[in-house]
Amino acid sequence: MNDRVSPFSDLAGRVVIVTGAAAGIGLSISNAFAEQGCQLVLLDVNEASLKETAKRLEKSGTHVITVTGSVGEPETARLTCAEAVRQYGRIDVLVNNAGVSSVHPSLELPLQEWKRVLDINLTGVFLCAQEAARKMIPAGGGVIVNIASIYGLVAAPNRAAYCATKAAVAMLTKVLAIEWAQDSLRVNAIAPGYVKTGLIIDLAEQKKIDLESLKKRTPQGRLATPEEIAQMSIFLASDISSHITGQVIGVDGGWTAYGYI
Ligand SMILES: NC(=O)c1ccc[n+]([C@@H]2O[C@H](COP(=O)([O-])OP(=O)(O)OC[C@H]3O[C@@H](n4cnc5c(N)ncnc54)[C@H](O)[C@@H]3O)[C@@H](O)[C@H]2O)c1
């Protein structure tokens with residue numbers, strides 16, 4: 001039996017909202033907060049997978065509220081935060097994870113696609129942060145963790161909308177962090193490199209990326225696991241990181257440090 005005390009034991013009982021919780025990184029983040037004894041509010045567009053996730057977590061004793069909807073819809077953030085406060089009385093942590101990829105040569109990128117990616121990857125992050133902060137600040141503060149990307153820090157071809165939104169999320173993180181620092185509300189972002197999730201597998205199947213060359217390009221020689229991103233979200237949510245705010249932290253196996261051929 002492992003009788004070590006978790007270094008993140010302050011998280012037990014905290015109310016955590018995770019967007020895009022039904023698959024990939026969001027699912028791992030939800031599992032990781034459940035393991036710390038948190039109470040969850042899980043939001044996703046995919047109702048069937050969301051319900052399945054909730055059912056599994058509830059079986060292991062976690063309290064879960066689900067909200068089906070798109071973060072790209074302005075009403076979703078309001079509903080999600082209102083539901084968290086109605087059922088749990090407060091919000092302690094928001095993880096803005098929901099996001100979509102988009103790969104198009106810029107000359108051919110349709111305006112509708114540009115707007116779709118901005119709505120989900122950027123406006124959705126802002127609206128959820130704004131709505132959660134409106135509840136957190138009067139209650140004494142909290143933590144927001146945004147999932148950005150290495151592609152908000154370095155450029156990749158054919159990803160104008162994706163890179164622009166992730167760079168904007170990195171800057172938004174800093175702006176909100178300094179605005180809310182005196183309200184005991186910390187805001188940080190994680191910038192993952194390539195992580196093995198449905199998003200990446202879909203792109204590989206469509207031959208838009210080549211997993212073997214991406215592994216070679218990564219100094220560690222492999223993709224991240226979703227759990228490695230989840231662990232950083234636990235660290236950033238915990239009081240262990242109490243003086244860290246306004247940071248964009250790479251979890252990328254060395255990708256952005258690499259400057260050789
Ligand atoms: N996988 C990677 O390599 C990688 C790398 C860097 C950053 N990211 C970022 O991590 C986040 C999660 O990516 P992933 O790889 O787990 O993706 P994924 O496609 O595997 O899972 C995304 C989840 O979000 C949900 N979702 C999609 N659009 C939504 C919306 N409008 N509203 C609510 N939920 C929605 C999906 O239903 C799904 O459950 C995204 O923000 C992505 O940009 C991923």
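As the structure lists them, so they are numbered: ligands from 1, and atoms in each ligand from 1.
- The residues lining ligand 1, counting any heavy atom closer than 4.0 Å, are Gly20, Ala22, Ala23, Gly24, Ile25, Asp44, Val45, Asn46, Gly69, Ser70, Val71, Asn97, Ala98, Gly99, Val100, Ile120, Ile147, Ala148, Ser149, Tyr162, Lys166, Pro192, Gly193, Tyr194, Val195, Thr197, Gly198, Leu199, Ile200.
- Grouped by direct or indirect side-chain proximity (heavy atoms under 4.5 Å, Ile/Leu/Val/Met/Phe/Trp/Tyr only), Ile178 sits alone.
- The closest side-chain donor-acceptor pair between Glu131 and Thr80, if any, does not fall under 3.5 angstrom.
- Residues satisfying the side chain to side chain contact (heavy atoms under 4.5 Å, CB included) criterion with Leu107, sequence neighbours excluded, are absent altogether.
- In terms of modelled atom types and a separation under 3.5 Å, the side chain of Thr68 and the main chain of Glu47 share no donor-acceptor contact.
- Note on residues 199-238: no pairs pass ring pair (Phe, Tyr, Trp, His ring centres under 6.0 Å), not counting sequence neighbours.
- Within 6.0 Å of NE2 on His63 lie no more than 12 heavy atoms contributed by other residues, nucleotides or ligands.
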